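Because the structure is a prediction, the values reported are computed rather than measured.
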Amino acid sequence: MFKAYVQNYYDMVAMQPAGHVMAHSAPFANIGKMGYTPDGPWTYMYFSTCEITFGGAALTANHGPADHVFYILEGHGYSIMNGKRYNFKAGDIMWTPGNYDHEMYPDGTATLKFLVTLCKTGFVQTEPYIKNLHDAKVTQGDGVTFFTLADEEISGSPTQEFHIVDLLPGKKLAMDTPKSDVIAYMYNGKCVATVDGEKLEMNRQEDAVVIPMGAKWEIENVGPQVVRFAVSLSPCR
């Protein structure tokens with residue numbers, strides 16, 4: 001079991017993945033960072049921020065029985081999955097099922113920036129979809145609003161959940177996650193994550209906390225503004 005950690009996008013050394021042109025990726029989590037052995041069992045193959053600049057592309061790939069989530073942060077573009085085109089824009093999630101050929105392109109001159117996950121635990125074959133925050137399943141708690149864009153009910157596969165979460169000042173985000181590793185990527189603001197009693201500061205845009213399954217955790221908004229997170233869990237609760 002790995003120990004919880006916080007990492008910032010701008011502190012990582014970006015790499016150009018194989019099959020990508022004018023593109024780079026900065027992984028917050030993968031098998032090595034999370035301390036899993038290559039033969040498993042493990043949850044995330046990776047969780048990263050990626051950018052594709054004008055004229056670039058993520059060329060055709062197929063990752064077998066593992067589901068992708070792409071969450072578009074900036075720009076717009078399209079993907080070709082098994083020969084069909086899917087258009088997306090900032091604020092969209094693109095569910096890309098395992099066993100699908102897929103490729104990805106920016107549309108226009110702006111850089112395409114997105115979060116991407118790859119998870120396989122519990123994989124069930126499904127179909128692609130694109131959803132926006134306006135289409136999300138919305139639930140509210142004490143100062144916390146969840147916009148759910150992927151879970152087993154929505155996607156049909158239990159590999160992962162994906163939520164956009166708004167957290168009001170002074171409020172706390174907490175979940176019971178005995179069987180799920182958790183990654184919370186922060187857009188902006190200032191928070192403190194407490195994981196099994198250890199406090200981890202999150203005070204820079206694009207900080208992400210990576211939390212092991214079974215840990216007791218909460219994230220408190222200690223700043224004056226609403227904080228927005230992308231929260232990913234693998235596998236689903």
Using distance alone, with no hydrogens and no angle criterion, decide if E161 and T148 have a side-chain donor and acceptor under 3.5 Å apart.
no

Which heavy-atom pair separates I93 from A150 by the least distance, and what is that distance?
CD1-CB, 4.0 Å

Side-chain heavy-atom pair Q7, V210 within 4.5 angstrom cut-off
no

What's the shortest heavy-atom distance between G122 and T159, and which atoms?
C-CG2, 4.3 Å

What about V21 and F70, same hydrophobic cluster or not, with Ile/Leu/Val/Met/Phe/Trp/Tyr joined at side-chain heavy-atom distances under 4.5 Å?
no

On the 0 to 90° scale, with breaks at 30° and 60°, tag the H63-Y46 ring pair as parallel, tilted or perpendicular.
perpendicular

Y36/D181 under side-chain contact (heavy atoms from CB on, under 4.5 Å): CA gap, chis, key distance, verdict
CA-CA 12 Å; Y36 287 113; D181 289 328; 2.7 Å; yes

Hey, could you give me the CG/CG distance between N87 and D92, rounded to the nearest 0.5 Å?
9.5 Å

Run the numbers on H68 and V116 for side-chain contact (heavy atoms from CB on, under 4.5 Å), then give the verdict.
CA-CA 7 Å; H68 265 311; V116 58; 3.6 Å; yes

Around F54, counting heavy atoms of other residues, nucleotides and ligands shown, do more than 12 lie under 6.0 Å from its CZ?
no

E103 versus T60, side-chain donor and acceptor atoms under 3.5 Å
yes

Examine Y86 and Y129 and state if one hydrophobic cluster contains both, with Ile, Leu, Val, Met, Phe, Trp and Tyr joined whenever side-chain heavy atoms are less than 4.5 Å apart.
yes

Just by distance, with hydrogens left out, do Q125 and N99 show a side-chain donor and acceptor under 3.5 Å apart?
yes

Nearest heavy-atom neighbours spanning A57 and I52:
N-CG2, 3.5 Å

What distance do M104 atom CE and M81 atom CE have between them, rounded to the nearest 0.5 Å?
9.0 Å

Please list every donor-acceptor pair under 3.5 Å in which a side-chain atom of residues 184-193 meets a protein atom from a residue at least two apart or in another chain.
| from | atom 1 | to | atom 2 | distance (Å) |
| --- | --- | --- | --- | --- |
| Y185 | OH | E206 | OE1 | 2.9 |

Looking only at side-chain N and O atoms, does T177 offer a donor or acceptor that is under 3.5 Å from a partner on W217?
yes

Under a 3.5 Å cutoff, is there a donor and acceptor pairing between the side chains of S48 and S25?
yes

So that I know where these two stand, are Y78 and Y105 an aromatic pair - ring centroids less than 6.0 Å apart?
yes

Checking Q16 side chain against H20 main chain: does a donor-acceptor pair fall under 3.5 Å?
yes

Regarding D196 and K216, does a basic nitrogen lie under 4.0 Å from an acidic carboxylate oxygen?
no

For A136 against L149, the heavy-atom pair lying closest together
CB-CD2, 3.8 Å

So, K137 and D151, do they make that salt bridge, N to O below 4.0 Å?
yes

Looking at K172 and D142, is there a salt bridge between them, counting it only when a charged N and a carboxylate O are closer than 4.0 Å?
no

When D135, I164, T139, V165 are each screened for side chain to side chain contact (heavy atoms under 4.5 Å, CB included) with F147, the one that passes is I164

Does a sphere of radius 6.0 Å around NZ in K33 hold more than 12 heavy atoms from other residues, nucleotides or ligands, not counting ones at 6.0 Å or beyond?
yes

Between M175 and E218, is the side-chain contact (heavy atoms from CB on, under 4.5 Å) condition met? List the steps.
CA-CA 7 Å; M175 297 181 184; E218 65 180 24; over 6 Å; no

Heavy-atom check, side chain of T43 versus side chain of P235, under 4.5 Å:
yes

Anything under 30° is parallel, anything over 60° is perpendicular, the rest tilted; go ahead and classify F28 against Y9.
tilted

Start with the C-alpha distance between Y71 and S232, add both sets of side-chain angles, then the distance that settles side chain to side chain donor-acceptor pair (under 3.5 Å), and finish with yes or no.
CA-CA 11 Å; Y71 184 73; S232 177; over 6 Å; no

Where the side chain of H24 meets the backbone of M15, is there a donor-acceptor pair that is under 3.5 Å apart?
no

L133 with I72, same ILVMFWY side-chain cluster at under 4.5 Å:
yes

Just how far is it from atom CG of D207 to atom CG of D11, taken to the nearest 0.5 Å?
8.0 Å

Within one Ile-Leu-Val-Met-Phe-Trp-Tyr cluster: L73 and V226, side-chain cutoff 4.5 Å
no

Taking all non-hydrogen atoms of both residues, which atom of S157 and which atom of W95 are closest, and how far apart?
CB-CZ2, 3.9 Å

Ignoring hydrogens and angles, state whether a donor on the side chain of D166 or T145 is under 3.5 Å from an acceptor on the partner side chain.
no

Spatial distance of atom CG (D101) from atom CG (L59) [nearest 0.5 Å]:
12.5 Å

Full working for side-chain contact (heavy atoms from CB on, under 4.5 Å) between W42 and M34:
CA-CA 9 Å; W42 38 266; M34 299 171 82; over 6 Å; no

So that I can tick it off, tell me whether E152 and R237 are bridged by a salt bridge, with the cut-off set at under 4.0 angstrom between side-chain N and carboxylate O.
no

M213 CE to K179 NZ distance, which is reported to the nearest 0.5 Å:
10.0 Å

Residue pair Y100 / D67, side-chain donor-acceptor N/O under 3.5 Å:
no

Looking only at non-hydrogen atoms, find the nearest pair between M94 and S79 and report the distance.
SD-CB, 3.5 Å

Verify same cluster id: V231, F47 (apolar side-chain graph, 4.5 Å):
no

Looking only at atom types and distance, does a side-chain atom of N221 sit under 3.5 Å from a main-chain N or O of L167, one as donor and one as acceptor?
yes

I need the T117 OG1 to L233 CG distance, nearest 0.5 Å.
11.0 Å

